[in-house]
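Quick notes on the structure that follows.
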Amino acid sequence: MSDAPRYRFAPSPTGFFHVGGARTALYNWALAKKSGGTFVLRIEDTDEARNQPEWTQGIIDALAWIGIHQDDPTFEGPYFQSSYAEAHIAAAEQLHRDGRAYYCDLTGEQVQERAKQNGKPGYDGYSRDRGLEPGPGRVLRFRVPEGQTVVEDLVRGRVEFANDTIEDFVLLRGNGSPMFLLANVVDDVSMRVSHVVRAEEHLPNTPKQQMLWHALGHTPPTWAHVPVLVNEQRKKLSKRRDKVALEQFRDEGYLADAMVNYLMTLGWAPRGDIEIVPWQQIQDEFRLEDVSHSPAFFDLKKLASFNGEYIRALPLDDFIEACRPFLTGPDVPWTPQQFDEEVFRSIAPLAQTRLVVLPEIVALVDFLFLDAPPMDDAAFTKTFASAEANAVHTDAIDEYTTLSRWDHDTLKTTLEEIGTRHGLKLGKAQAPVRV
RNA sequence: GCCCCCAUCGUCUAGUGGCCUAGGACACCACCCUUUCAAGGUGGCGGCACGGGUUCGAAUCCCGUUGGGGGUGCCA
């Protein structure tokens, strides 16, 4: 058995891939790659019914987009948590036999009632010593030991929890099915996970998992809880309020490299003063110990800036290929007959410095393929407010129509002359023509 | 309520007791370049939450306050 580190990445199948999850995946991936270890993908849901194949495929596709490929030797999985229920239950029963867990017949309501009477929230350990046997409706609870639990966290350091603040949590539901916490630990043990790198929101349940590791007779993994990504209100990014689906960024014309680079600068920074760096450098330099402790605001503006830089840095052919989906899709305003690949090719270098996201390419080049391209009404009204502007425009149409040579210099000289005739300098004269 | 985490420009960060008059990036502003818009160049604005310690010396260590966030399910 190899002792190379094994990093597990465990998203739940929610129908889309969260940008925060993407960053965590990238952390795990960089570490696995750098160490010669393994990236273990586990689809996290104990309920078989919720595992939709297309959602799993969505996760795999999204991972592939950001460079985490299923066919890479570093990649292992996907595993489905729901298919290991038997092992989870067996582990729970073992815990019961060992006296580390006990059955309880209180319903959720009864637990709450007792809590109210006690003046203390949570389960009070009512059935600890009642020696109940398993039975329908009875849950199996973990017997939290006395003392304290110390979590050694790679990004946060030493975190202490007093065990008496942790209630005897449920391992098996009344219907016998395993809870996520248990399932997680059992799977981590059997998949020989050595490093658990996940979002900070999981820190409070880490002592529970750690106790389970010990109770099951194993040494807990190395923990690392990375800060969450937040919105402008400093709240954790959520699907309801915020744009968080990685797939959406992909579809809206963000480059994967830009996205990856940007995500990695949230909570971490490469050495030196340059933030835009190749993945290889990120992979080499990334360390969990250097990850920031505080939440990071996901800034669309900065992402846009990164994207623009990455677009500009693309070799021409790559740029053209990157634009293609947005030039030939069903939403494009021109017909395939109107679109001219060669014409596009010649103007592409000019367009390349003007894009923030790829779909903007359409509005930039549509006048080349359309008889009547959409106009900016505001700009039109403003520009054509003066008589001179209208005159320049009319003259330009006349003269451009009969021009012998249609090139940069001739066009410019002609327009300059027209402008002079109407008392306008080139800067002003060209405006109506451009509009 | 209880538990846990966090705190450097508006934002993302560098900084691990003297290299800090706190560096970079995004955003913003100005100027340059320019036939437009961009791109590019130059410059500017702007920050160590507060109060106590420790130390010859603190953004950096300790304590407290305040503020923010997360967790507290027979969800994952």
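Naming: A, B, ... by sequence-line order, numbering from 1 per chain.
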Q: With a 3.5 angstrom cut-off on both distances, give the Watson-Crick or G-U wobble partner of B:C2, or none if there isn't one.
A: B:G71

Q: Select base, sugar-phosphate, or nothing to describe what A:F161 touches, counting heavy atoms under 4.0 Å on all strands.
A: sugar-phosphate

Q.
Can you tell me how the ring of A:Y84 sits relative to the ring of A:H88, calling it parallel under 30°, perpendicular over 60° and tilted otherwise?
A. tilted

Q | Nearest-Å distance once atom C1' is located in both B:A49 and B:C32 | A | 40 Å

Q. Taking NZ, NE, NH1 and NH2 as the nitrogens, is one of them in A:K302 or A:E275 under 4.0 Å from a carboxylate oxygen of the other?
A. yes

Q.
Tell me whether A:K120 at atom NZ has more than 12 heavy atoms from other residues, nucleotides or ligands lying less than 6.0 Å away.
A. no

(Q) Check whether A:N163 reaches the backbone of A:P145 with its side chain - one donor and one acceptor, N or O, closer than 3.5 Å. (A) yes

Q. When rounded to the nearest Å, what value does the distance between P atoms of B:A7 and B:C48 take?
A. 16 Å

**Q.** Where protein sits on nucleotides 67-76 of chain B, one letter per nucleotide: B base, S sugar-phosphate only, - none, heavy atoms under 4.0 Å
**A.** --SBS--BSB

Q.
Near RNA chain B, counting only heavy atoms under 4.0 Å, which residues of residues 353-361 of chain A show up?
A. A:T353, A:R354

Q. If we call it a pair only when both distances are under 3.5 Å in a Watson-Crick or G-U wobble match, what pairs with B:C28?
A. B:G44

(Q) Using whole Å, what does the distance between atom C1' of nucleotide B:C6 and atom CG of A:D153 come to? (A) 13 Å

**Q.** Interatomic distance at P, B:U42 relative to B:G51, whole Å
**A.** 38 Å

**Q.** Pairing partner of B:G64 (Watson-Crick or G-U wobble, both distances under 3.5 Å)
**A.** B:C50

(Q) Between B:U60 and B:G69, how far apart are the two P atoms, rounded to whole Å? (A) 24 Å

**Q.** Nearest-Å distance once atom P is located in both B:A22 and B:G10
**A.** 15 Å

Q | Pairing of A:D105 and A:R130 as salt bridge, 4.0 angstrom limit | A | yes

Q) Contact class for A:E232 (heavy atom, under 4.0 Å): base, sugar-phosphate, or nothing? A) nothing

Q.
Using a 4.0 Å heavy-atom cut-off to protein, can you give one letter per nucleotide of nucleotides 21-33 of chain B, 5' to 3': B if the base is in contact, S if only the sugar-phosphate is, - if neither?
A. --SBBSS------

Q: Identify whether any heavy atom of A:R271 sits under 4.0 Å from a base atom; if not, whether one sits that close to sugar-phosphate; answer base, sugar-phosphate or nothing.
A: nothing

